Amino acid sequence: MIKKDPNKGLIFNIQRYSVHDGPGIRTIVFLQGCPLRCPWCCNPESQSVRPVTWVKNGKKETISHWMTADEVMDEIEKDEIFYRTSGGGVTLSGGECLMQADFGANILRQCKQLGISTAIETTGAMPLTEIQKVLPYTDYVMFDLKIMNPIRAKQVIGDNVAQVKASFEEALATPTARVMPRVPLIPGYTTVPKNLQQIADYVHEVGVKEIHILPFHQYGSSKYEYLNRTYTMKDTPLLTDQQVSDIHSFFEDQNIHAVVNGLE
Ligand code: SF4
């Protein structure tokens, strides 16, 4: 477990000028560490709770670095003008950013003090206490719903569905946070009809009317080679446009507005 230090975090990337991880132009702070092991993970370097090195093009590279909250805030503040003009801000991602919730809460709190909009990307796969630390300072919660059957979720990705639901409902109950549930469409896993139905039933149950669906991609496959790890999904074909359209229609038919890849 990464030490609970609000002033020091393990970061594996800070990406400026992103337009994909929340509204407007954003700086994405990628926090190291994830309790899950999704076979489709496109950031496998994020999973370890320790600093990671990999070998890329024959050269050894250190991926993750300890940074102080002040150092991260210095990076964030460089683009304040873009946040204001585009309606953007800062997004904490991962890994699972809630693994470093004390540090994350400190960053988000300082952003709010500066008037910078805040977001997190999470799977909610941590004890409820961790999301409670960040929610008071979070404007947008982009929340991944993956495998909803508790036995299958435990077997395939090591997830605890009860914990995920508790975190999701805590976010929904936070009046200052807008929650955007997202479903990564992973062939053979999240896209099986029974799972899609369980997701639809759950979002109905908690009163959510819109979800984002994110089709499977292979962007992370080369990272497994750099890490000398086996990527078991390298031969899995992408979903066809028709398959994505069918899943979109499935949700729409159940009165859940579905947005593909964040695009209307
Ligand atoms: S939750 Fe995200 S970061 Fe963690 S293993 Fe799954 S895909 Fe990777």
Side-chain angles (χ1 to χ4, degrees), residues 2 5-34 41-49 51-52 61-124 126 130-131 133-144 171 174 176-180 182 184 212 214 217 219-220 223 259 261-263:
I2 295 173
D5 186 340
N7 292 309
K8 214 169 153 204
L10 190 56
I11 311 289
F12 70 95
N13 193 11
I14 294 182
Q15 187 182 327
R16 295 166 65 190
Y17 314 120
S18 171
V19 291
H20 298 296
D21 302 273
I25 297 172
R26 311 191 72 82
T27 295
I28 318 300
V29 181
F30 291 88
L31 300 178
Q32 183 79 41
C34 183
C41 183
C42 64
N43 286 327
E45 76 277 33
S46 74
Q47 294 171 351
S48 171
V49 293
V52 167
E61 290 178 358
T62 301
I63 301 304
S64 31
H65 302 273
W66 289 102
M67 291 180 75
T68 66
D70 285 350
E71 286 168 339
V72 173
M73 288 308 299
D74 285 347
E75 285 298 306
I76 288 171
E77 285 176 53
K78 285 178 186 169
D79 294 328
E80 242 185 303
I81 182 79
F82 294 114
Y83 311 145
R84 292 191 201 291
T85 51
S86 70
V90 167
T91 300
L92 297 188
S93 185
E96 170 51 70
C97 67
L98 298 181
M99 281 201 96
Q100 300 189 61
D102 296 83
F103 181 72
N106 187 11
I107 298 294
L108 297 170
R109 182 183 53 75
Q110 292 192 52
C111 287
K112 293 306 297 173
Q113 282 173 348
L114 295 170
I116 297 172
S117 163
T118 56
I120 63 169
E121 293 183 313
T122 183
T123 64
M126 291 293 289
E130 303 312 285
I131 199 165
K133 291 173 185 170
V134 301
L135 282 173
Y137 317 112
T138 305
D139 298 318
Y140 298 95
V141 181
M142 290 171 277
F143 200 115
D144 281 1
T174 304
T176 49
R178 181 176 165 204
V179 183
M180 291 184 265
R182 306 188 305 188
H212 289 221
L214 310 175
H217 60 74
Y219 300 150
K223 295 179 174 181
V259 179
N261 268 335
L263 303 170

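Bear in mind the structure is a predicted one, so any value in this text is a computation, not a measurement. For this chain, numbers begin at 1 and follow the sequence in order. Every heavy atom of this structure was used, including side-chain atoms; hydrogens, water molecules and symmetry mates were not.
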A.B. asks: Describe, in one word, how the ring planes of F12 and F30 are oriented to each other, choosing from parallel (under 30°), tilted (30 to 60°) and perpendicular (over 60°).
C.D. replies: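 Correct class here is tilted.
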A.B. asks: Using a 3.5 Å distance criterion without hydrogens, assess whether the side chain of T122 forms a donor-acceptor pair with backbone atoms of G124.
C.D. replies: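 Yes, the answer is positive, given that a donor and an acceptor are paired below the 3.5 Å cut-off.
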A.B. asks: Taking all atoms of both residues into account, what is the closest heavy-atom pair of V90 and R26, and its distance?
C.D. replies: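 Closest heavy-atom pair between V90 and R26: O-NH2, 2.9 Å.
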A.B. asks: Hey, mind stepping through M73 and L114 against side chain to side chain contact (heavy atoms under 4.5 Å, CB included) and telling me if it holds?
C.D. replies: CA-CA 10 Å; M73 288 308 299; L114 295 170; 3.7 Å; yes
A.B. asks: Measuring only between side-chain heavy atoms, which start at C-beta, is S48 closer than 4.5 Å to Q32?
C.D. replies: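 A side-chain contact under 4.5 Å exists here.
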A.B. asks: Quick check: do L214 and N261 have side-chain heavy atoms less than 4.5 Å from each other?
C.D. replies: yes
A.B. asks: Can you check side chain to side chain contact (heavy atoms under 4.5 Å, CB included) on L31 and L10, steps first, answer last?
C.D. replies: CA-CA 6 Å; L31 300 178; L10 190 56; over 6 Å; no
A.B. asks: Could you tell me whether the side chain of M180 reaches within less than 4.5 Å of the side chain of V259, counting heavy atoms only?
C.D. replies: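 Contact flag for V259/M180 side chains = no.
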A.B. asks: Rounded to the nearest 0.5 Å, what separation is found between the CD atom of Q47 and the CE atom of M99?
C.D. replies: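 Spacing of CD (Q47) from CE (M99) equals 11.0 Å.
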A.B. asks: Atom OG1 of T68 and atom CD1 of I11: how far apart are they, to the nearest 0.5 Å?
C.D. replies: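 Output value for this atom pair is 9.5 Å.
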A.B. asks: Testing the basics here: between G95 and C34, what is the closest heavy-atom pair and its distance to 0.1 Å?
C.D. replies: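 Where G95 meets C34 most closely, the heavy atoms are CA-CB, 4.0 Å.
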A.B. asks: Would you check if there is a donor-acceptor pair between the side chains of Y83 and T27 at a distance under 3.5 Å?
C.D. replies: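 Per modelled atom types, T27 and Y83 side chains form a pair under 3.5 Å.
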A.B. asks: How far apart are the closest heavy atoms of E121 and S93, and which atoms are they?
C.D. replies: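 Minimum heavy-atom contact is OE1-OG, 2.6 Å.
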A.B. asks: Please give me the minimum heavy-atom distance between L92 and G104, naming the atom from each residue.
C.D. replies: CD1-CA, 3.5 Å
A.B. asks: I want to check something: taking the side chain as every heavy atom from C-beta on, are N106 and Q110 in contact at a cut-off of under 4.5 Å?
C.D. replies: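 Yes, at least one pair of side-chain atoms sits under 4.5 Å.
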A.B. asks: Evaluate the side chain to side chain contact (heavy atoms under 4.5 Å, CB included) criterion for residues I131 and M126: first the C-alpha distance (whole Å), next the side-chain angles of each, then the deciding distance (0.1 Å), finally the verdict.
C.D. replies: CA-CA 8 Å; I131 199 165; M126 291 293 289; over 6 Å; no
A.B. asks: Would you name the heavy atoms of C42 and H217 that are closest together and state the gap between them?
C.D. replies: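 C42 and H217 have their closest heavy atoms at CB-CE1, 3.6 Å.
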A.B. asks: Give, for atom CD of E96 and atom OG1 of T123, the distance between the pair rounded to the nearest 0.5 Å.
C.D. replies: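 Answer for the CD-OG1 pair, E96 versus T123, is 4.0 Å.
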A.B. asks: How close do G33 and V49 get, counting heavy atoms only, and between which atoms?
C.D. replies: CA-CG1, 4.2 Å
A.B. asks: Would you indicate whether R178, at its atom CZ, is surrounded by more than 12 heavy atoms from other residues, nucleotides or ligands within a distance under 6.0 Å?
C.D. replies: no
A.B. asks: Could you measure the distance from the OG1 atom of T91 to the CD1 atom of I28? Nearest 0.5 Å is fine.
C.D. replies: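 Result: 4.0 Å between the selected atoms.
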A.B. asks: With rounding to the nearest 0.5 angstrom, report the CG to OG distance, L108 to S117.
C.D. replies: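 Here the interatomic distance stands at 10.0 Å.
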A.B. asks: Are T118 and V134 close enough that some pair of their side-chain heavy atoms sits under 4.5 Å apart?
C.D. replies: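 The answer is no, as the side chains (C-beta and beyond) never meet within the 4.5 Å cut-off.
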A.B. asks: Nearest 0.5 Å, please: how far is NZ in K112 from CD1 in I107?
C.D. replies: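 Taking CD1 in I107 and NZ in K112, the distance rounds to 14.5 Å.
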A.B. asks: Could you go step by step and tell me if N43 and K223 meet the side chain to side chain contact (heavy atoms under 4.5 Å, CB included) rule?
C.D. replies: CA-CA 8 Å; N43 286 327; K223 295 179 174 181; 2.7 Å; yes
A.B. asks: Are any of the side-chain heavy atoms of K133 and D102 separated by less than 4.5 Å?
C.D. replies: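 Yes, their side chains come closer than 4.5 Å.
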